[in-house]
K.L.:
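Quick one: this structure, given as structure tokens, is what I'll be asking you about.
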Protein chains: 2
Amino acid sequence: MSRPTVNDIAREAGVSLATVDRVLNARPGVRAKTILAVNDAIARLGYVRDLAAANLARSRSYRMVVLLPDSDSQFVHTLAAALQEAAALAAASRTEMDLRRYPPEDMHVLAAHLAGLQPDAVAGVALMAPETPVVRDAVRALRLRGVPVVALGSDLPNAGRDHFVGIDSHAAGRTAGVLMGRFCRGLTGRVLVIADSMLLRDSIERRRGFDEVMLADFPALEVLPTVETHGAPDMLRAVVGERIAATPDLAGIYLLASGHRALAGLLRDRGLLGRFTVIGHELTPHSRAALLAGHLDAVIAQNPGHLARSALRVLRAKADRAPIDEGQEQLRIEVVIRENLPADPAETRRADAA
Amino acid sequence: MSRPTVNDIAREAGVSLATVDRVLNARPGVRAKTILAVNDAIARLGYVRDLAAANLARSRSYRMVVLLPDSDSQFVHTLAAALQEAAALAAASRTEMDLRRYPPEDMHVLAAHLAGLQPDAVAGVALMAPETPVVRDAVRALRLRGVPVVALGSDLPNAGRDHFVGIDSHAAGRTAGVLMGRFCRGLTGRVLVIADSMLLRDSIERRRGFDEVMLADFPALEVLPTVETHGAPDMLRAVVGERIAATPDLAGIYLLASGHRALAGLLRDRGLLGRFTVIGHELTPHSRAALLAGHLDAVIAQNPGHLARSALRVLRAKADRAPIDEGQEQLRIEVVIRENLPADPAETRRADAA
DNA sequence: GAATTTTTGAGGTACGTTCCTCATTTTCAA
DNA sequence: TTGAAAATGAGGAACGTACCTCAAAAATTC
């Protein structure tokens, strides 16, 4: 009738509750034959462990440490907010989050942070960091001490992280390339690429994907060398301004990372708004505003809420040694234009309050 | 130190456990003043109800009925599979799903189905159906009997559903319009629109959004009247074939609903593959194949897995009278092109098995 | 076949909440 | 001031699982 319980399994398998428990929780002291009998009964009855009861009985709680760079990037801010929100929800299932920031320029501080984590006090770690040797070693050491590690937003493939939550930067760059090429259909000209720094793996991969597509499919467009702004708006205005002036046949601008506001300001001042196809990454208040105003044609994004929830869910699964629902944790490479811009979460909250 | 429990609240508020329980579960028989005192204590302690324990104690299980049209549409198939998968996961939290099909041509059968549901045996209903008067009345009656109803994929705004899980068809149509217009940059010509039936609300709204954008922003493109195929591939080949022949300056084709395979076949036979910009809706095995082959330029989609999980989560929240996390339940209008095509879930499973 | 080890059984407590009963106290209106 | 009604307290059982102990049974070794 109703769902079978451990007691039903015991009866069905003709063993005691204690034995069923030993099998279910992989405790020692059970003959292989008995294990099989129990598993048989489980399969016959279609037993599914009641997670609610199990977690309650364990009375275990999970402290997840999340490490983000302490940069003033809007994406990081948005992600931090999404993480807080996800953590508030996760609190109902005994998961708490400890969100920490580290100075983005010094990976030794991050490594020291990781080295200082006590395995018995931390159920898992999610971090967003570039894969430098220092970080790689720190992550490896942490995993050796038994702490699951999830790479957040930016992958750490060679650090042996347990999971990566985020999108494939190379495919994201390709997507940007296709949109740029198609939005510029019929045009012959050049495309300017702007990055914070080409030392970051994400930017490199985006650029690589972008170039691949442009070269193969849109030969009428020539992609210029990357202009680096180091996150400084002034630098962007100066360098990009000079480049625009020097490129009469400019068809498009590809913004690899941040700088939406500075670029919009520059174009506005020069009366160039809407003259080029502009494509960028990540949905932030600035890029959202630019999309709405029509200064920006498309954004390639990942959903920060999804990113945050996935990170916590995956860490929880890893901590429980439970399987992961790949379908649910697969982040999508979103293409956002003005028409499919999702409602602003801040707006929604304001409307709710009213 | 550790998380506060109901007992801590009782102590903090200076009342008994029974009173705390009455307040927490909105049971009658507590003075307003006392309620305030308890809520104060809750806020002071930062109490968060332990869902695991609460659900266990309730030992309530939730039977959700999901009703889908028994059409051979690939989207419905995909959604059904996603629902089964979501239900398997939800089983761990005492939620089971009863997926039923109804003949798509007869809303009276659906209405009878709804009328036959026992409120005490069903915790909630999700249904995908056009908003005919019969359906509207059946939904209203069901809600009056206390069963939460969620509209799935296609909204039922005038039936008073508790929630809509899906995307805004009008905005989806606008998105399709912008892509069509931009992908056809520089061209002057006509756009063919193909629908199963223009009696379906979704198709009407998509078309309306599409037209708005085309008219306002892309005057060089003229949108032709909708061709209806009634879901029949033969009909599509015949009618669309004739229309294509009659339209020498055809620039694009907008597929409002199904028919990806038939259209690809038709274009292939005539040697017209890749000649027009083709934009469609929903990611299915057929549209996926067409994207990969390059016969289809973009698809406007909603994530069926997300749709399924949202539906079950929202029903559960409604059944518990719990608040809904809007951010999480907000479906995105996805733009899918070849470069950001998510991994095929079937492929992933096969790879896992290997 | 005795001694030892391994496996199994029986029974209990705990987790944090829900929901019940019954007794007692407080409040309010007549 | 009294009587009825409303509010509160005290206590306990239950949900399904985890985890503990101790005793009994079975299997293994010499």
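Chain A is the first sequence line, chain B the second, and so forth, proteins listed ahead of strands; every chain is numbered from 1.
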K.L.:
Restricting to non-hydrogen atoms, name the atom on R161(B) and the atom on L156(B) that form the minimum distance, rounded to 0.1 Å.
P.N.:
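Of all heavy-atom pairs spanning R161(B) and L156(B), the closest is CD-O, 3.0 Å.
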
K.L.:
Please give, in whole Å, the distance from dG16(D) C1' to R49(A) CZ?
P.N.:
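The distance from CZ of R49(A) to C1' of dG16(D) comes to 11 Å, rounded to the nearest Å.
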
K.L.:
What is the separation between atom CG on D21(B) and atom P on dA14(D), rounded to the nearest whole Å?
P.N.:
17 Å

K.L.:
Starting at atom CZ of R58(B), determine the distance to atom P of dG16(D), rounded to an integer number of angstrom.
P.N.:
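After rounding, the reported distance stands at 15 Å.
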
K.L.:
Pick the nucleotide of DNA chain D nearest each of T19(B) and Y47(A); which residue has the one closer to the 5' end?
P.N.:
T19(B)

K.L.:
Output the distance between atom CZ (R332(B)) and atom CD1 (I167(B)), rounded to the nearest 0.5 Å.
P.N.:
12.0 Å

K.L.:
Separation of N7(A) atom CG from dC15(D) atom P, in whole Å?
P.N.:
10 Å

K.L.:
Figure out the CG/P separation between N25(A) and dT17(D), and round it to whole Å.
P.N.:
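Whole-Å distance recorded here is 11 Å.
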
K.L.:
So how far is it from L67(A) CG to L114(A) CG, rounded to the nearest 0.5 Å?
P.N.:
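With rounding to 0.5 Å, CG (L67(A)) is 5.5 Å from CG (L114(A)).
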
K.L.:
Just to be sure I understand the rule, does A18(A) reach a base, reach only the sugar-phosphate, or reach nothing, if contact means heavy atoms closer than 4.0 Å?
P.N.:
base

K.L.:
Please give, in whole Å, the distance from dT17(D) C1' to L17(A) CG?
P.N.:
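After rounding, the gap between these two atoms is 9 Å.
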
K.L.:
Can you measure from CZ (R94(A)) to CZ (R58(A)) and round to the nearest 0.5 angstrom?
P.N.:
11.0 Å

K.L.:
Which residue, R22(A) or T5(A), contacts DNA chain D at a nucleotide closer to its 5' end, judged by nearest heavy atom?
P.N.:
T5(A)

K.L.:
Reading DNA chain C from 5' to 3', where do the contacts with chain B start and stop? Cut-off is 4.0 Å to heavy atoms.
P.N.:
dG16(C) to dT27(C)

K.L.:
N55(A) has an atom CG; how far is it from atom C1' of dG16(D), in whole Å?
P.N.:
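Nearest whole value for this atom pair: 12 Å.
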
K.L.:
Say whether, by atom type as modelled, one donor and one acceptor occur between the side chain of D162(A) and the main chain of V150(A) under 3.5 angstrom.
P.N.:
no

K.L.:
Looking just at side-chain N and O atoms, do N25(B) and R49(B) make a donor-acceptor pair shorter than 3.5 Å?
P.N.:
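There is such a pair between these side chains.
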
K.L.:
When you check the gap from the basic side-chain N to the acidic O, do R3(A) and D8(A) get nearer than 4.0 Å?
P.N.:
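No.
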
K.L.:
What is the separation between atom CZ on R60(A) and atom P on dC19(D), rounded to the nearest whole Å?
P.N.:
10 Å

